[in-house]
Trainee: 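One structure, as structure tokens, below. Some questions next.
Note on naming: letters A, B, ... go to the chains in the order of the sequence lines (proteins, then strands), and numbering restarts at 1 for each one.
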Number of protein chains: 2
Amino acid sequence: MSTNPTMKEIAKELGTSVSTVSRALQNHPRIGLRMKERVKELALKLNYVPNSTAIHLKKKRNYNIGIVLPYLTEQFFSLAITGIEDILFEKGYRALVVQSRNDYEREKQSITSLIQHGVDGIIVSVASETYNYSHFNELNSHGIPIVFFDRVVKILPNSCVYGDIAIGAFEAVEYLISQGMTKIALLNGPSTLIASDERLTGYIKALKKHDAQININYIKSVDLSKEDTIRKTHELLNLEEPPQAVLAFHDYVALDSMQICRERGFAINKDIFFVSFSNLSFCSYLEQPPIASVEQFPYEMGEKAAKILIKAIEHPADYIRQEIIIKSKLVIR
Amino acid sequence: MSTNPTMKEIAKELGTSVSTVSRALQNHPRIGLRMKERVKELALKLNYVPNSTAIHLKKKRNYNIGIVLPYLTEQFFSLAITGIEDILFEKGYRALVVQSRNDYEREKQSITSLIQHGVDGIIVSVASETYNYSHFNELNSHGIPIVFFDRVVKILPNSCVYGDIAIGAFEAVEYLISQGMTKIALLNGPSTLIASDERLTGYIKALKKHDAQININYIKSVDLSKEDTIRKTHELLNLEEPPQAVLAFHDYVALDSMQICRERGFAINKDIFFVSFSNLSFCSYLEQPPIASVEQFPYEMGEKAAKILIKAIEHPADYIRQEIIIKSKLVIR
DNA sequence: GTTGGCTGTGCAAACGGTTGCGCAAATTCA
DNA sequence: TGAATTTGCGCAACCGTTTGCACAGCCAAC
């Protein structure tokens, strides 16, 4: 209904100038006490809200941060956002959230849209289908700081925050071996993700350390769709020697895979054991949850990423690329 | 690094004026074909991105929509956001997401921040602790359209989208009765939420219809924290005649409550049955899931809310308050 | 009494676009 | 061929702020 009051109106009402109003509101030392009070009082009375668009135009700052990640519906990411948001909120920033749905094109479009919007910075967890990083280079050429988290790309000059997946995988496999299992499969994610590499690295390292045999048939890569998980699980179970344990890319893969196992008559935590990444809260509701989980602390990752980004925005001069590794933790049930 | 190219630079380079560049880029009919091509070519070459802040300042439009809801980590809400986002994305809007964490103060602050940001509109699912609606009135007085969804407030002149909870609750209870149960408890949400009222209404209506007795001890209100759910579940189980079935406020309440039941030796789907709202996908992974769920279609709610909001923004003249009720569906497992 | 330093305020440019209007050249019409 | 219309473009104001600079009045100091 009523349009927002502006400085101009305050100035007119007070018979002064816009610049004086502006300075009064900012507590500028050169404005008289009396005038300051009159301005502030009227501003309050009129319910004056500074127009942040105009401020942005002037100051080239938005206090908006873009967040691009695959799916909000994955608890890992919604927890990460919560961590990010807590820091942003505290520092007066707002979050523009976009889901890429693991789709490269959509990710690219979102980035373009965020550039156009003029965000002060961006936090990204890259889509699994992203094979090309030119859109990130575009951000760099626009001078917009980026921080990658979880699904990072290390070859770019931007900071990243991620879990020590390889160590997590290593510990998980070692744990399974300590429980007497040797036939351990890896239901890994797509090879485009560094996180998949790291899981593989840790997996192999643990097997080697304990002189367990590495069976290429036990290593599968899924595209993170339910269908593919189902398919690959069947492949594993159809082997002459089905695995005794499965290290899954994350809990969603584990859950889908476990379901197939049950359907095919394999008793979870008896005939076949699961370990997965990112310990979702709802796993605790399962009667037969994965025997262990590598907790990755998404909330902390988000916090860390946001802090780094804000520092990069507010003190661009002292920017140095950082690689923060969040220690993961094997949670045994 | 390099600062973004502006129209001014394009104009200078081409020896023309800013207004011509502006119009050329907008395909204004009064600009010659030749000039249009030259401008567009150079814009492309320079990687020109229009500064949306400047456009916003001029047009008083932001293409930003604020979304305020309790928790992103609840799947109901992340699905709703996905629905909202799909519509926004399609229409060229962006989502500014804020979590209120069910906290009134935080909700209020977020709204203020969004007003200041100058969002074109807001979609809200109100915090359970919100007892006062002045912050929404403030939005109204600023002329910023609001659409409420799920946790709506009907006494305001704004449109809302919500599920037909009462009918859902009614059908759920009727189903339990049809299965031969009469001792049915209601683990309801906080009474500040309309949704709680509606569940109660449906619950009572169904019991009355079937001449079942209404036992005040079977009706509990939880504040949606895990602790409170646990406490109230114990209270129910401690009754001389514990309920045979529980209608839970939503799946999270159901899950927490079921866990306590199991711990206390009540077999789910045998000694005690559960029905809850909003059929979360992960319930399908449970070995003993709730016997039925009232699916509320959050994605569709989100879509609908976003559509209404965009219409209100783009055609303020034809605005009429709408109350859209999304039919829920009892899903029996 | 000139010089100089404060104090308090206003002018005007700038941020990067959009758009009403005016004007010249080219085209059409009678 | 002259008038009317269309085509193509630029001027300048404007959106709501911020901020460098100028300036007037006042007071202290030499």
Trainee: Salt bridge check, A/D86 against B/R106: does any charged N sit closer than 4.0 Å to a carboxylate O?
Mentor: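 Judged by the 4.0 Å cut-off on N to carboxylate O distance, B/R106 and A/D86 do form a salt bridge.
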Trainee: I'd like a table of atom pairs between the protein and nucleotides 11-13 of chain C - only N or O on both sides, under 3.5 Å - with the distance next to each one.
Mentor:
from: C/dC11; atom 1: N4; to: A/S19; atom 2: OG; distance (Å): 3.0
from: C/dC11; atom 1: N4; to: A/R23; atom 2: NH2; distance (Å): 3.4

Trainee: Report the nucleotide, chosen from D/dT18, C/dT7, C/dT18, that has the shortest atom-to-atom distance to any side-chain atom of A/R30.
Mentor: C/dT7
Trainee: Write down the distance between CE (B/M7) and P (D/dC9), rounded to a whole number of angstrom.
Mentor: 15 Å
Trainee: Can you work out whether B/I31 or A/P50 has the more 5'-proximal nearest nucleotide on DNA chain D?
Mentor: B/I31
Trainee: Just how far is it from atom CD of B/E74 to atom CD of A/Q75, taken to the nearest 0.5 Å?
Mentor: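 Answer rounded to 0.5 Å: 10.5 Å.
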Trainee: Name the nucleic acid region contacted by B/T6, choosing base, sugar-phosphate or nothing; use a 4.0 angstrom heavy-atom cut-off, strictly under.
Mentor: sugar-phosphate
Trainee: Looking at the side chain of A/M35, which of D/dC15, C/dT9, D/dT18 is the nearest nucleotide?
Mentor: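 Nearest to the side chain of A/M35 among the choices is C/dT9.
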Trainee: Want to settle it: does B/V21 or B/L57 sit nearer the 5' end of DNA chain D, counting the closest nucleotide to each?
Mentor: B/V21
Trainee: Starting at CG of A/N4 and ending at C1' of D/dT17, how long is that distance when rounded to a whole Å?
Mentor: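 Value for this atom pair: 14 Å.
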Trainee: Pick the closest DNA chain C nucleotide for B/T53 and for A/G32 by heavy atoms, then say which residue is nearer the 5' end.
Mentor: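 Its nearest nucleotide being more 5', the pick is A/G32.
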Trainee: Rounded to whole Å, please give me the gap between CZ in B/R61 and P in D/dC14.
Mentor: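 Nearest whole value for this atom pair: 23 Å.
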Trainee: Testing the 3.5 Å rule here: is there a donor-acceptor pair between the side chains of B/T53 and A/H56?
Mentor: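 The answer is yes; a qualifying pair exists.
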Trainee: Rounded to whole Å, how long is the line connecting atom CD1 of A/I55 with atom C1' of C/dG16?
Mentor: 16 Å
Trainee: I'd like to know if the side chain of B/T130 and the backbone of B/V126 have a donor-acceptor N/O pair within less than 3.5 Å.
Mentor: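 No; judged by distance alone, with no hydrogens or angles, the pair does not exist.
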Trainee: To the nearest 10 degrees, what angle separates the axes at the start and end of the helix from C/dG1-D/dC30 to C/dA30-D/dT1, five pairs each?
Mentor: 60°
Trainee: So, B/Y104 versus B/Y131, ring centres under 6.0 angstrom or not?
Mentor: yes
Trainee: Indicate whether OP1 or OP2 belonging to C/dG17 is found under 4.0 Å from a side-chain N or O atom of B/Q26.
Mentor: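 So the side chain of B/Q26 is outside the cut-off, no N or O lying under 4.0 Å from OP1 or OP2 of C/dG17.
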